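Below is one structure, written out as structure tokens; comments come after it.
Just so you know, these numbers come straight off a predicted model, no measurement behind them.
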Amino acid sequence: MSPFLGELLGTMILIILGGGVVAGVVLKGTKAEGSGWIVITVAWGLAVAIAIYAVGNISDAHINPAVTIGFALVGDFPWSSVPGYIAAQMIGAFIGASLVFFQYFPHFKKTTDQGAKLGVFATGPAIPHSPSNFFSEVLGTFMLVFGLLAIGANEFTEGLNPIIVGTLIMVIGLSLGGTTGYAINPARDLGPRLAHFFLPIPNKGSSDWAYSWIPIAGPIIGGGLGALMYSALFEGIVYVALWVMIGLFAAVQALTIVLEKRKNISEEYNEEVVQKKNTQLKRGG
């Protein structure tokens, strides 16, 4: 099997098992309905472990563009292979999400909550606030890639490494995932979001493209920072890319703050206009 096919298969497994647990928890009429966040985070961690066991010896099981780019930034992965890996991850994620849809088709029909349906495929913020949501994805993916490199520097009993990586995913979900659903993986979010857009899901509602840039940009920047910072702290190699990535993070974070302020001002203005109209109507009556 080629590394391309390995990444495709590994990412597909990740989304089948990860998206599958979300579907089981949030859709109506399943036996797992309402079982909660701990079930979701544990299953996502195990999904990563199973994907690594399946294809780790074929493609190293990046199954995440943020990991692929982060490793390339510190010379642990050739840049020439990055586009192929990302393409495989996106295709695998789309296929995995589609299979979850067919698995739970009657439950999608029974579920009226459009947000729950989208949540099976893509992440979204518990409280919409772009600066905080972006920072959350950056920090979560920073810990992911930093943690992966730290794990790789240690020796474990043969075959145990995927379980340790799965534990890392679990603890990120439990500690940092409650804000945005911890995409920490552009393919995990964008591939299934595209599936949500194209699939004939009954009464599915919006795919929320306005938010979709955050689980793409946040993980890429966070993953790059995690890899570059690990290299600087533990290997004594400070890449120019570290300062570039810090600058990029600061610029995007500042932009989110400015846009959020403008959004709040606009909402306050619209609310004032509505209140004035209501007051005029009452006086007129």
Side-chain angles (χ1 to χ4, degrees), residues 7 10-11 13-15 17-19 37 40-53 55-56 59-74 76-77 82 85-86 89-90 92-93 122-123 125 132-154 156 160-192 214-235 241-242 245-246 248-249 252:
E7 278 297 291
T11 312
I13 291 170
L14 171 68
I15 300 303
L17 299 178
W37 185 245
I40 289 174
T41 54
V42 169
W44 269 104
L46 293 174
V48 169
I50 296 303
I52 296 172
Y53 277 125
V55 302
S59 67
D60 288 334
H62 291 185
I63 57 177
N64 183 340
V67 172
T68 300
I69 294 171
F71 284 5
L73 283 169
V74 295
D76 287 351
F77 189 73
V82 169
Y85 263 53
I86 293 176
Q89 292 154 0
M90 289 294 302
T123 60
S132 299
N133 303 152
F134 172 72
F135 183 82
S136 176
E137 288 296 330
V138 170
L139 180 59
T141 318
F142 176 96
M143 292 307 305
L144 169 64
V145 177
F146 192 94
L148 288 174
L149 290 169
I151 290 168
N154 291 272
F156 298 95
L160 185 60
N161 190 275
I163 297 296
I164 303 300
V165 174
T167 302
L168 173 63
I169 300 297
M170 278 190 271
V171 75
I172 290 172
L174 290 169
S175 346
L176 305 174
T179 54
T180 61
Y182 75 121
I184 61 174
N185 181 342
R188 171 263 175 277
D189 191 274
L190 181 57
I214 289 179
I216 297 173
I220 290 173
I221 293 172
L225 285 171
L228 293 163
M229 192 63 73
Y230 181 89
S231 177
L233 294 176
F234 288 89
E235 298 173 353
L242 174 60
M245 199 62 72
I246 289 173
L248 181 60
F249 164 68
V252 177

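Between the CG atom in Asn161 and the CD1 atom in Ile52 there is a gap of 7.0 Å [rounded to 0.5 Å]. Taking OG1 of Thr68 as the start and CG of Asn185 as the end, the distance is 9.0 Å to the nearest 0.5 Å. Between atom CD1 of residue Ile220 and atom CD1 of residue Ile86 there is a gap of 6.5 Å, rounded to the nearest 0.5 Å. Here the straight-line distance linking atom CD1 of Ile63 with atom CD1 of Ile13 works out to 9.0 Å at 0.5 Å rounding.
Without hydrogens or angle criteria, Asp60 side chain to His62 main chain gives no donor-acceptor distance under 3.5 Å.
Taking all atoms of both residues into account, the shortest heavy-atom contact from Pro186 to Pro65 is CD-CD, 4.0 Å. Closest of all the heavy-atom pairs between Ser59 and Glu7 is OG-OE2, 2.7 Å. The shortest heavy-atom contact between Leu73 and Met245 is CD1-CE, 3.6 Å. Across all their heavy atoms, Val55 and Gly10 have their closest contact at CG2-CA, 3.8 Å. Taking every heavy atom of both residues into account, Ala61 and Gly56 meet most closely at CB-CA, 3.9 Å. Closest approach of Gly70 and Ala227 over heavy atoms only: O-CB, 3.2 Å.
Heavy atoms from other residues, nucleotides or ligands lying under 6.0 Å from OH of Tyr230 number more than 12.
For Tyr53, there are no ring pair (Phe, Tyr, Trp, His ring centres under 6.0 Å) partners, not counting sequence neighbours.
The side-chain heavy atoms of Phe134 and Ile221, taken from C-beta on, include a pair separated by under 4.5 Å. Counting heavy atoms from C-beta outward, Val74 and Glu235 have side chains that stay 4.5 Å or more apart. By the 4.5 Å heavy-atom criterion applied to side chains, Pro215 and Thr180 are not counted as neighbours. Side-chain contact between Thr123 and Tyr182: absent, with no pair of heavy atoms (C-beta onward) separated by less than 4.5 Å. Looking at Ser132 and Thr179, their side chains never come closer than 4.5 Å, going by heavy atoms from C-beta outward.
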Distance-only donor-acceptor hits, side chain of residues 164-173, under 3.5 Å, sequence neighbours excluded:
{"from": "Thr167", "atom 1": "OG1", "to": "Ile163", "atom 2": "O", "distance (Å)": "2.9"}

Side chains of residues 138-154: which donor-acceptor partners sit under 3.5 Å, not counting sequence neighbours?
{"from": "Thr141", "atom 1": "OG1", "to": "Glu137", "atom 2": "O", "distance (Å)": "2.7"}
{"from": "Asn154", "atom 1": "ND2", "to": "Ala150", "atom 2": "O", "distance (Å)": "2.7"}

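For the residue pair Thr11 / Gln89, no side-chain donor-acceptor distance below 3.5 Å is found, with atom types taken as modelled.
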